[in-house]
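Read the structure below first, then the notes.
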Amino acid sequence: MWYSQPPVSYIEPVFRPPSEADSLILQVTNGCSWNKCTFCDMYTDEHKRFRPKAEAEVLAEIQRCGESLPGVRRVFLADGDAMALSVRRLKTILTAIRTHMPSVRRVSAYCLPANLKRKSVEELAELRELGLTLIYMGAESGSDQVLRALDKGETFDSTAEALIKAGEAGIKRSVMLINGAGGQRFSEEHALASARLVNRVQPEYLATLVLFFRRGTDQTVLEGYDGDFQPLDGLGLFQEMRSLIAATELNQTIFRSDHVSNSLVLKGTLGKDKQRMLAEIDQAIEYARDHEIPVYRQGSF
Ligand code: SF4
């Protein structure tokens with residue numbers, strides 16, 4: 001079949017979670033509606049300013065994908081927070097995917113806690129019924145102090161509430177935390193509060209990556225540090241990871257720290273693999289006491 005235009009068009013750059021490598025990326029919004037986090041420069045270009053993509057354009061793309069890409073099993077709704085769209089708009093998109101791409105088994109999206117504030121559990125359950133079965137939420141930290149410094153616009157309570165709501169609707173939750181987000185001053189608080197957060201919400205997936213600030217961030221003005229934000233070195237990052245994992249009380253959460261920014265790759269299921277992971281971290285800590293560990297400090301997710 002020949003088409004005068006490609007089935008989808010993108011406003012670059014486009015980001016997706018590592019686990020969506022084989023998914024069809026469908027850009028239903030551009031950019032991020034918050035776009036203030038001090039560590040994130042994914043959508044800072046002028047042409048990435050947040051706006052929903054025109055509904056007619058999205059529906060036409062879904063139809064073309066259905067005709068030209070048979071067999072697609074996973075769809076990721078981009079960009080930074082497709083869940084900012086209304087329930088009506090999301091239902092229209094999911095229904096079109098179901099109609100034109102019947103082989104799709106999973107639709108997922110990034111999601112900010114604020115995106116779910118005005119969506120009820122019942123509405124989210126409707127979205128899940130229509131195929132939205134997974135959201136990725138960058139919680140970053142459970143510490144309100146750290147969240148303020150990151151300018152995340154969320155709190156422990158708002159993040160927990162959103163994740164619990166999604167869980168009650170039957171949507172799987174993939175939660176991301178940032179290793180080193182509290183710097184030296186709030187490292188322990190960050191680790192313990194983050195563990196409390198995930199213990200409260202019991203996400204199906206949990207991942208960590210290492211803190212790096214967006215280019216041009218003035219680290220001397222971060223709230224709560226008196227102009228003295230000190231990043232963790234490799235040893236400090238491992239020690240913080242140990243505090244986090246040790247404090248988790250998770251029943252069945254698949255854990256990954258395999259982002260390019262992590263010097264220590266950990267994989268397993270928490271809690272059954274908790275002791276094995278702690279032993280691996282202890283080994284890394286021992287090694288880091290005598291060796292310099294390179295720390296990833298710049299780039300984008
Ligand atoms: S981390 Fe997420 S919420 Fe924060 S600016 Fe980046 S895309 Fe937006």
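Quick caveat: nothing in here was measured; it's all calculated off a predicted structure. Counting starts at 1 for both ligands and their atoms, following the listed order.
- Interface atoms of ligand 1 facing Cys32, defined by a heavy-atom separation under 4.0 Å, are 3 (S), 5 (S), 7 (S), 8 (Fe).
- Within ligand 1, the atoms closer than 4.0 Å to a non-hydrogen atom of Met42 are 7 (S), numbered from 1 in the order shown.
- Note: Tyr225 and Phe229 have perpendicular aromatic rings, judged against thresholds of 30 and 60 degrees for the angle between ring planes.
- At a cut-off of 2.8 Å, Cys40 does not coordinate atom 4 (Fe) of ligand 1 through any N, O or S atom.
- Phe15 has its ring centre no less than 6.0 Å from the ring centre of Tyr110.
- Ion pairing between a basic and an acidic side chain is recognised when a charged N comes within 4.0 Å of a carboxylate O; Lys91 and Glu126 show such pairing.
- Both the backbone and the side chain of Cys37 come within contact range of ligand 1, each with a heavy atom under 4.0 Å.
- No heavy atom of Tyr110 sits closer than 4.0 Å to any atom of ligand 1.
- Interface of Asn35 with ligand 1, defined as ligand atoms under 4.0 Å from a residue heavy atom, comprises 5 (S), 8 (Fe).
- Only the backbone of Lys36 comes within contact range of ligand 1, with a heavy atom under 4.0 Å; no side-chain atom does.
- A salt bridge links Arg289 and Glu286; the closest N-O separation between the charged side-chain nitrogens and carboxylate oxygens is under 4.0 Å.
- For Glu189, the side-chain hydrogen bond (donor to acceptor under 3.5 Å, both in side chains) partners at least two apart in sequence or on another chain are Ser143.
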*Decide salt bridge (Lys or Arg N to Asp or Glu O under 4.0 Å) for Asp45 and Lys48; before the verdict, give the C-alpha distance in whole Å, the side-chain angles of both, and the deciding distance to 0.1 Å.*
CA-CA 5 Å; Asp45 291 351; Lys48 293 299 296 182; over 6 Å; no
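- Annotation for ligand 1: atoms under 4.0 Å from non-hydrogen atoms of Tyr43 are 7 (S).
- Close contacts of ligand 1 with Phe39, meaning ligand atoms under 4.0 Å from a residue heavy atom, involve 1 (S).
- By the 4.5 Å side-chain criterion applied to Ile, Leu, Val, Met, Phe, Trp and Tyr, Leu197 is assigned to a cluster that also includes Phe156.
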